[in-house]
Amino acid sequence: MNPPRPTLPERPTIDGLEPRWAGRWEELGVHRFDRDRPREDVFAIDTPPPTVSGSLHVGHVFSYTHTDVVARYRRMRGQAVFYPMGWDDNGLPTERRVQNHFGVRCDPALPYDPAFEPPEKPGDRQIPVSRRNFIALCERLTETDEVAFEELWRRLGLSVDWSTTYRTIGTRARAAAQRAFLRNLARGEAYLAEAPTLWDVTFRTAVAQAELEDRERPAAFHRLLFTRADGTDLEVATTRPELLPACVALVAHPDDERYRDLVGGTARTPVFGVEVPVLAHRAADPEKGTGIAMVCTFGDTTDVLWWRELQLPTRAVVGRDGRFLPEPPAGVDPAEYAPLAGATVHAAREHVVARLREAGRLVGEPERITHAVKFYEKGDRPLEIVTTRQWYVRNGGRDADLREALLRRGRELDWHPPHMRARYENWVEGLNGDWLVSRQRFFGVPFPLWYPLDEHGEPAHDRPIVADEAALPVDPSTDAPPGYTEAQRGVPGGFAGDPDVMDTWATSSLSPQIAGGWCSDDDLFRRVFPFDLRPQAHDIIRTWLFSTVLRAHTEHDTLPWRHVAISGWILDPDRKKMSKSKGNVVTPMALLEQYGSDAVRYWAAAARPGTDTAFDPGQMKIGRRLAIKVLNASRFALSTGAAPGAVTAPLDRALLAELAVTVDAATAALDEFDHARALEAVERFFWHFCDDYLELVKARAYGEHGDDAAASARAGLAAALSVLLRLFAPVLPFVTEEVWSWWQDGSVHLAPWPDAGELRAQAGDPDVLTAATDVLTAVRRAKSEAKVSMRTEVGKTVVTAPPDVLARIALAETDVRAAGRIEELQLREGPALEVQVLL
RNA sequence: GGGCGCGUAGCUCAGCGGGAGAGCACUCGGUUUACACCCGAGCGGUCGCAGGUUCGAACCCUGCCGCGCCCACCA
């Protein structure tokens with residue numbers, strides 16, 4: 001009985017597959033998470049939420065494809081894959097975008113206006129709105145961005161369950177961030193402190209260690225003359241002469257002979273005439289400048305160290321706006337300070353240097369240098385250090401036990417590739433303080449806190465009023481705290497809301513909890529948490545990865561996930577990180593349209609995990625060629641009447657043996673998250689299948705050598721094709737699904753992952769195929785050298801080989817003769833394989 | 001200054017103790033009824049340099065050179 005022949009397209013094409021199959025997958029719920037499955041059957045992915053106020057570039061396509069390959073593989077392995085998508089619409093980028101788009105600005109002091117509607121066109125002046133109104137506008141705008149993102153992801157073929165999405169500014173995320181903070185607070189892990197803080201003067205907010213980056217900037221060493229107690233000059237070098245009025249001490253190394261006599265005494269600052277102590281500290285470097293440093297409050301983090309350890313007074317001069325404070329610090333000559341009041345740092349420097357020169361207290365000319373200066377990663381002016389009150393969360397930066405525990409978590413986690421763990425350890429070991437989580441911004445998750453006001457209307461910061469967990473999320477700028485009414489806001493004896501918002505990572509660090517339904521869907525949470533996989537890029541190990549580990553460690557006493565897969569970056573052909581501007585020139589959608597999604601996925605999947613990779617359209621062309629080849633080869637195999645059955649011919653059984661090896665290799669690689677190695681193995685086999693096996697069995701499958709011989713070939717083709725399509729399915733979801741639909745029921749993406757054991761049950765000696773291929777290759781070479789067509793008939797071919805090889809060739813003789821168009825094949829014993837083609 | 005990774009064919013990269021590989025590019029050939037978005041064949045490399053271990057090293061060890069990244073320092 002012959003099974004019905006599948007309907008095969010006349011000229012198959014990969015164009016247009018994406019919308020058709022993406023739509024079908026959604027209709028059929030192919031990617032739907034089955035939440036009834038027990039935890040051990042679940043594979044949960046903590047998908048990175050892309051920033052929706054930016055645009056997606058090829059780097060996103062690259063790394064999200066890696067994750068999708070894993071998701072599809074796990075699904076075929078029979079696991080219930082929890083693969084949600086988050087949108088990161090929280091933070092500064094969205095704040096700026098919403099301001100510009102609607103012409104508004106957030107003023108947390110304003111009351112919520114439920115009737116507020118933004119103007120149709122943004123006006124010249126930004127309209128101030130309450131935080132709650134601002135968040136509503138953000139949600140509205142980002143919704144449209146998210147539609148465009150989703151469309152791209154669907155076209156790329158991400159097998160996300162689109163019924164499980166979340167937003168980092170959404171209600172669940174705000175509630176989770178606030179709940180986690182309140183629990184940090186309750187356990188003593190969060191605390192409020194007034195301390196010197198790295199401060200961005202443009203955004204007027206504190207920033208955390210994790211958000212810093214160094215930039216090389218021009219600067220100049222100025223050599224200043226202080227006056228010793230005995231009236232003689234003391235030369236001190238500084239790159240920040242404008243901070244002279246903030247000088248609180250001079251510091252030299254305890255072993256530095258030059259200053260030993262000075263230590264313990266005092267010196268007087270030039271121009272401003274302040275007497276400051278001269279002290280010794282090991283952090284002073286005798287090699288730098290003149291070996292004695294001017295300590296200011298605060299020029300850099302070393303100043304903070306000295307200020308703290310030597311218990312120095314504070315003479316602050318730079319304000320939160322980056323300008324000099326209106327009043328001089330204690331002890332500073334008011335007349336000399338007066339011209340500095342309100343000045344920018346730059347103007348103040350010019351003025352102070354001019355005064356030093358006039359006073360004869362500047363030695364020579366400033367020496368130009370370049371040195372690294374700390375910047376907020378999103379900022380464009382150097383950070384200042386100002387004293388402010390901030391919330392901190394303990395992260396091991398000041399606590400050896402916690403640090404050690406977090407290092408242990410890092411070792412407990414499975415890193416792919418393994419060397420990326422070093423980044424984590426490097427970071428944890430280098431932490432120099434707790435996590436500063438408060439930001440003096442408007443848009444973000446507010447602290448769920450209020451402070452009681454005393455009879456003078458002053459807030460009692462040491463007695464915060466916390467929100468009820470059941471009421472979360474709250475906005476203390478518009479909600480009244482428990483036990484108070486809105487009328488008591490801002491009045492003596494009443495309350496004031498905490499004005500700050502949390503660091504964006506304070507929300508993002510909870511992505512598994514947010515996506516997994518922590519405290520909102522306990523049943524779901526039990527089935528997915530801790531997650532199995534966190535995919536992410538290496539540049540945010542210190543932020544996202546670290547803070548997520550920290551949060552899970554303190555809240556759940558566990559890792560947030562078992563594995564982390566670190567993806568590389570996409571580099572320009574000139575080996576620089578692909579910049580956004582360049583990335584936008586080639587939009588991901590245009591690439592998908594030009595080459596096809598499978599082809600672009602191929603390019604991504606072919607890159608080694610964790611390796612920075614060149615943007616290479618050449619690889620996409622190869623991927624496109626592969627996808628088309630899958631169509632054509634499948635159509636051809638099926639056109640012969642390929643159908644399941646007994647595989648009996650030695651050549652066909654050899655193919656299955658090789659295929660089993662390929663299945664093992666692909667499976668092992670994917671178990672290790674190595675999509676590239678898996679793809680390489682499958683691809684190599686596939687081209688061998690097309691170039692050699694298909695050519696060898698073509699005639700037999702057509703029935704030219706009898707029905708029994710044909711049946712084995714057709715069975716071999718069907719078995720091989722079925723396995724190949726499934727092996728390719730995670731990387732090439734569209735073309736494999738298309739071919740699958742020609743002859744199989746259901747989705748290839750829900751078909752079981754191939755089983756090497758089943759193949760081996762029908763497999764034979766793989767060397768039969770190798771031997772047959774070797775002879776065929778030799779015949780082709782002969783024809784090439786003779787510059788004749790491959791169809792040229794060969795009268796006689798003499799194969800010399802050891803007996804075992806001859807025996808294998810004999811088992812495939814019919815196929816070898818047909819493929820090589822050889823009339824007569826003579827087999828002779830000899831030491832090594834040699835093929836003589838008599839044309 | 002500390003750490004991690006990488007230097008293999010013109011290009012992009014795989015291989016990481018026993019035959020130096022793939023794709024692209026290049027050359028030559030082929031109107032092959034699965035595929036011209038094709039097929040076949042070929043050319044091309046003292047595996048960064050120098051030592052060492054080993055019967056044997058692209059692969060292990062040491063040092064050096066170059067590139068990239070992370071962290072630290074920032075008078």
Side-chain angles (χ1 to χ4, degrees), chain A residues 8 11-15 212 214 216-217 219 221-224 236-241 243 250-252 283-285 287-296 299-303 306 369 371-374 417-432 538-539 541-542 568-569 571 573 575-577 595-596 599 603 606-608 610-616 618-619 621-622 624-640 676-677 680 683-684 687 690-691 694-695 698 702 776-777 779-792 821:
Chain A
L8 300 177
R11 284 193 65 83
T13 172
I14 63 169
D15 296 324
L212 305 182
D214 285 351
E216 286 291 328
R217 281 296 129 120
F221 264 123
H222 297 71
R223 289 179 292 154
L224 279 48
V236 177
T238 179
T239 54
R240 299 206 56 185
L243 294 181
L250 294 175
V251 175
D285 182 355
E287 302 295 313
K288 280 188 184 162
T290 59
I292 188 162
M294 164 174 124
V295 183
C296 306
D300 60 38
T301 50
T302 315
D303 283 345
W306 284 324
I369 56 163
H371 67 165
V373 179
K374 285 196 192 310
H419 70 255
M420 286 294 176
R421 174 185 293 130
R423 303 267 181 123
Y424 174 87
E425 298 198 336
N426 226 325
W427 175 252
V428 177
E429 284 162 0
L431 284 169
N432 57 26
H538 51 63
D539 55 332
I541 288 174
R542 68 176 184 172
W569 274 338
L571 305 175
R575 314 303 299 167
K576 295 273 182 264
K577 187 188 174 191
Y595 298 101
W603 159 72
R608 247 63 203 176
T611 305
D612 291 350
T613 301
F615 173 71
D616 186 1
Q619 283 294 111
K621 284 186 191 158
I622 297 165
R624 184 173 173 84
R625 191 175 71 133
L626 174 64
I628 293 168
K629 190 79 175 181
V630 168
L631 279 185
N632 285 318
S634 302
R635 190 178 83 93
F636 171 58
L638 293 172
S639 73
T640 66
R677 201 178 292 265
E680 190 184 24
E683 193 185 4
R684 182 171 43 235
W687 284 104
C690 291
D691 295 343
L694 279 183
E695 293 299 329
K698 191 180 274 187
Y702 277 143
L776 182 58
T777 300
V779 172
R780 286 168 171 164
R781 186 181 303 118
K783 290 180 180 176
S784 262
E785 281 166 3
K787 305 200 172 186
V788 298
S789 158
M790 290 295 143
R791 290 170 82 190
T792 307
R821 298 184 187 252

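Every chain is numbered from 1 and lettered A, B, ... according to where its sequence line falls, protein lines coming before strand lines.
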Residues passing the side-chain contact (heavy atoms from CB on, under 4.5 Å) test with A:Asp616, sequence neighbours excluded, are A:Trp603, A:Gln619

Residue set satisfying salt bridge (charged side-chain N to carboxylate O under 4.0 Å, His left out) with A:Arg624, at least two apart, ordered chain then number -> A:Asp15

Between the CH2 atom in A:Trp427 and the CD1 atom in A:Ile541, the distance rounded to the nearest 0.5 Å is 12.0 Å

Against the side chain of A:Ser789, the closest entry in B:U32, B:C37, B:A34 is B:U32

Picking from B:A41, B:U32, B:C74, the nucleotide nearest the side-chain atoms of A:Asp300 would be B:C74

The reported gap from OH in A:Tyr424 to CD in A:Glu429 (rounded to nearest 0.5 angstrom) is 10.5 Å

Of the listed B:G29, B:A34, B:C38, the closest approach to the A:Arg625 side chain comes from B:C38

Closest to the side chain of A:Ser784, out of B:A41, B:A34, B:C74, is B:A41

Closest of B:C71, B:G40, B:A41 to the A:Arg542 side chain is B:C71

Contacts of A:Lys621 meeting salt bridge (charged side-chain N to carboxylate O under 4.0 Å, His left out) (sequence neighbours excluded), chain-then-number -> none

Against the side chain of A:Met790, the closest entry in B:C73, B:U32, B:C28 is B:U32

Note on RNA chain B: ranges paired as stems (three or more Watson-Crick/G-U pairs in a row, both atom distances under 3.5 Å) are B:1-7 with B:65-71, B:10-13 with B:21-24, B:26-30 with B:38-42, B:48-52 with B:60-64

Those residues at least two apart in sequence (or on a different chain) that pass side-chain hydrogen bond (donor to acceptor under 3.5 Å, both in side chains) with A:Arg421 are none

Between B:G23 and A:Lys621, is there an OP1 or OP2 to side-chain N/O distance shorter than 4.0 Å? no

Of B:G15, B:U32, B:A34, the nucleotide closest to the side chain of A:Asn632 is B:A34

The nucleotide from B:C74, B:G40, B:G15 with an atom nearest the side chain of A:Asp691 is B:G40

Sequence neighbours excluded, the answer for salt bridge (charged side-chain N to carboxylate O under 4.0 Å, His left out) partners of A:Arg684 is none

Side-chain atoms of A:Glu695 come closest, of B:C35, B:C74, B:U12, to B:C35

Sorted by chain and residue number, the salt bridge (charged side-chain N to carboxylate O under 4.0 Å, His left out) partners of A:Glu683 (sequence neighbours excluded) come out as none

The residue, A:His538 or A:Lys374, whose nearest nucleotide of RNA chain B is more 5′ is A:His538

Every protein N/O lying under 3.5 Å from an N/O of nucleotides 3-8 of chain B:
none

Side-chain atoms of A:Lys288 come closest, of B:C74, B:A34, B:A41, to B:C74

_Contact under 4.0 Å: A:Arg11 side-chain N or O vs B:A36 OP1/OP2_ = yes

Heavy-atom nearest nucleotide on RNA chain B taken for A:Ile622 and for A:Ser634; more 5' hit belongs to A:Ile622

Side-chain donor-acceptor pairs of residues 785-792 of chain A under 3.5 Å, sequence neighbours excluded:
{"residue": "A:Ser789", "atom": "OG", "partner": "A:Arg791", "partner atom": "N", "Å": "2.9"}
{"residue": "A:Thr792", "atom": "OG1", "partner": "A:Ser789", "partner atom": "N", "Å": "3.4"}
{"residue": "A:Thr792", "atom": "OG1", "partner": "A:Ser789", "partner atom": "O", "Å": "2.6"}

